[in-house]
Amino acid sequence: MTEQRSGPERSALTPTFDFDGDYGAGYETLARALIPGYLDTFEMALAMLDVNLDASAPTRAGELASAVTDSAPRVMIVGAGTGIEMVTFKSKRPDWQCTGVDPAAQMIDIARARLMEAGIDDGTSFHHGTVADLPEDEVFDAATSFNVMHFIPDDGAKASFLRSIADRLQPGAPFILFDLFGEPGSSALERDYAAWRAYWTVRGFEGPPRDAFRKKIDNGIQWVGEPRVHELLAGAGFVDVRMFYRGLVYGAWVATRV
Ligand SMILES: C[S@@+](CC[C@H](N)C(=O)[O-])C[C@H]1O[C@@H](n2cnc3c(N)ncnc32)[C@H](O)[C@@H]1O
């Protein structure tokens, strides 16, 4: 397993969600409790990648004929976090080459330790930083981004984020996006967000931790509606965008790099 560090040491995106601090350390426990379908979505993503990597295999074969490298798919996991995507993928598809990208050193440390402990770290690597910092010649056959873009403002930054992912993908490569979504200020989002809070109650999430989490969501999430998700993906060079999962205010889409 190799690790590549680049750029200045820095914490992840916002001070509201401090992935190099306490929030990052407790993140996965919270995610498992509060994100509807959290664990299932990684297995659904794996199934989607299986099918869509098969569809893009001829392109990959053409490229490999000249590049002479391992034919195992190279998968970029944007926002590797505590490593749940990498653990899910590598336990079922040990041949995949998985590169986790994350600007929070703490999260990379957790993910790396977990993969090593499970004995599935062979063929994994980490990039400490953002996708834009990756060397230009590093290309992938597929990518995922779970729970990252909803922290990024829609002031050109979401568009750049998706563009930097598209720039690192082979033509025909599948990309999976999983994010909070909803049209800001709409009554639909108001009701769906209320339903998500009711889900917190169902899951027994109460008291000061709930109040603190609500404050973070209210201050730190950069909501966009589904039409805008499609527009952003199309603008970044993705086609054939389909939602394959929705859980309250969370959505998952699969798209293909042109
Ligand atoms: C909410 S966690 C999600 C972790 C994992 N993908 C999951 O769904 O459990 C978000 C992760 O994205 C990382 N992150 C924040 N900004 C990023 C960016 N611009 N590029 C890549 N990762 C980023 C954070 O450091 C954090 O580890």
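Note that ligands are numbered from 1 as they come in the structure, with each ligand's atoms numbered from 1 the same way. The first residue in the sequence is number 1, and the count goes up from there. These numbers come from a predicted model, not from an experiment.
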Closest heavy-atom contact between F161 and S145?
-> CZ-OG, 3.6 Å
For the student: nearest non-hydrogen atoms of A173 and A142, plus distance =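 Looks like CB-N, 4.2 Å.
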Ligand 1 contact by [X], heavy-atom criterion under 4.0 angstrom:
X    : result
F178 : no
F151 : yes
V131 : no
A31  : no

Check ligand 1 against [X] and write out every atom of the ligand that is under 4.0 Å from a heavy-atom position of the residue.
X    : answer
V78  : 21 (C)
M107 : 27 (O)
I84  : 9 (O)
N147 : 1 (C), 2 (S), 3 (C), 7 (C), 8 (O), 10 (C)

Does [X] pair with [Y] as a salt bridge, N-O distance under 4.0 Å?
X    : Y    : result
E28  : R114 : yes
D50  : R93  : yes
R163 : D167 : yes
R168 : D141 : no
D109 : R112 : yes

Reference residue W253; test ring pair (Phe, Tyr, Trp, His ring centres under 6.0 Å); the match among F244, F181, F238, Y245 | F181
Within reach of ligand 1, part of [X] (heavy-atom separation under 4.0 Å):
X    : answer
Y27  : side chain
F146 : both
E85  : side chain

Nearest option to atom 19 (N) of ligand 1, as decided by whichever heavy atom of I165, D133, T130 sits closest =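 Selected option, by shortest heavy-atom distance: T130.
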So between G81, P103, S160, whose heavy atom ends up nearest atom 17 (C) of ligand 1?
-> P103
Output field: ring centroids F151/F19 closer than 6.0 Å | yes
